[in-house]
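Each remark here refers to the structure printed beneath this line.
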Amino acid sequence: MSINPSGRLYNQKIDELNDYVKWKNLSPDIEKKLFSYYEIKYRGKYFEEETLLNTMNDSLKQEIVLHNTRWLIEKVAFLRRLENDGRDEIFFSAIASKLHACYYTPGDFITKQGESAADMYFIVSGKCDVYVGEKKVVSLYDGAYFGEVALICKVLRTASVQAIMHSVLYRLTFQDFHSILEEFQDMKDRIQALAAEREIAAQVPPAPAPVILKSAASVE
């Protein structure tokens with residue numbers, strides 16, 4: 001039975017990985033993660049999506065990337081542009097074209113608490129757990145997003161996010177996002193206003209905790 005070209009390329013890549021593992025004498029755990037990564041990324045077919053899209057004309061490329069990602073972009077309130085001036089679709093397409101696919105295996109950390117934040121992530125498929133310190137606070141699934149504050153202003157990560165199962169995410173960088181804003185003054189103004197609100201909120205001291213007077217019948 002013949003193997004299609006993408007299948008042959010995938011098998012060739014696996015053979016190269018086997019040689020690499022032996023050459024570097026990688027541990028069994030790392031070897032397992034490495035092959036798991038390639039399995040989730042290529043699923044038995046070897047092709048680079050970005051390379052493939054770059055062979056298409058701009059119209060077809062934009063139509064495909066918007067089809068793949070619009071449902072994720074529209075979930076983020078500050079990314080919704082509804083000016084009805086004929087440029088809403090152009091904005092969505094610009095955002096979609098800057099989303100980069102990322103692949104994670106179980107146990108991979110996508111972000112770590114305390115590191116500098118410059119990217120936002122959208123979960124296409126998989127499961128990710130969010131930790132503050134050592135405590136898990138929430139699990140995120142298909143369609144969820146995190147790190148959106150990093151697009152508004154440069155901050156430190158307030159939580160760690162770890163892939164719990166094979167996960168595919170899209171990443172939008174601060175630099176790419178703000179390069180798009182240069183073409184959309186209304187959206188640039190919106191983001192600057194959000195950044196100003198965050199700066200003001202950060203300067204306001206927290207309110208003192210209320211004093212609770214216990215009655216004679218209260219129990220500790």
NZ/NE/NH1/NH2 to OD/OE distance under 4.0 Å, K33 and D108 = yes

query = At what distance, to the nearest 0.5 angstrom, does CD1 of I152 lie from CZ of F78?
reply = 4.5 Å

message = Testing the 3.5 Å rule here: is there a donor-acceptor pair between the side chains of T173 and D119?
response = no

message = Quiz question: by atom type and distance under 3.5 Å, do the side chains of D58 and Q62 form a donor-acceptor pair?
response = no

query = Are there more than 12 heavy atoms of other residues, nucleotides or ligands under 6.0 Å from atom CD of E89?
reply = yes

task = For C128 and I110, work out which heavy atoms get closest and say how close.
result = SG-CD1, 3.6 Å

query = In terms of side-chain heavy atoms, does T105 have a donor or acceptor partner in H166 at a distance below 3.5 Å?
reply = no

message = Run D129 and K127 through side chain to side chain contact (heavy atoms under 4.5 Å, CB included) and show every step you take.
response = CA-CA 7 Å; D129 283 350; K127 175 185 176 183; 3.6 Å; yes

task = First locate atom CG of D88, then atom OG of S93, and finally report the distance between them rounded to the nearest 0.5 Å.
result = 10.5 Å

inquiry  = One thing to verify: whether E74 and R70 come together as a salt bridge, which I'm taking to mean a side-chain N less than 4.0 angstrom from a carboxylate O.
reply    = yes

message = Quick check: do F109 and S160 have side-chain heavy atoms less than 4.5 Å from each other?
response = yes

query = Between the side chain of N25 and the main-chain N/O of V21, is any donor-acceptor distance below 3.5 Å?
reply = no

ask   = For the side chain of D142 and the backbone of G126, is there at least one donor-acceptor N/O pair under 3.5 Å apart?
value = yes

Minimum heavy-atom distance between M120 and Y145, given as atom pair plus value = CE-CD1, 3.5 Å

note = Sequence neighbours excluded, the answer for ring-ring contact (aromatic ring centres under 6.0 Å, His included) partners of F146 is Y121

remark   = Distance col, row I95:CD1 vs L181:CG, nearest 0.5 angstrom, shows 7.0 Å

inquiry  = Would R190 and D186 count as a side chain to side chain contact (heavy atoms under 4.5 Å, CB included) here? Give the steps.
reply    = CA-CA 6 Å; R190 178 189 297 182; D186 59 301; 5.5 Å; no

ask   = Got Q113 and V132 here, is their nearest side-chain heavy-atom distance under 4.5 Å?
value = yes

query = Looking at residues at least two apart in the chain, or sitting in another chain, which of them share a side-chain contact (heavy atoms from CB on, under 4.5 Å) with V130?
reply = V137, V138, L140, A159, V161

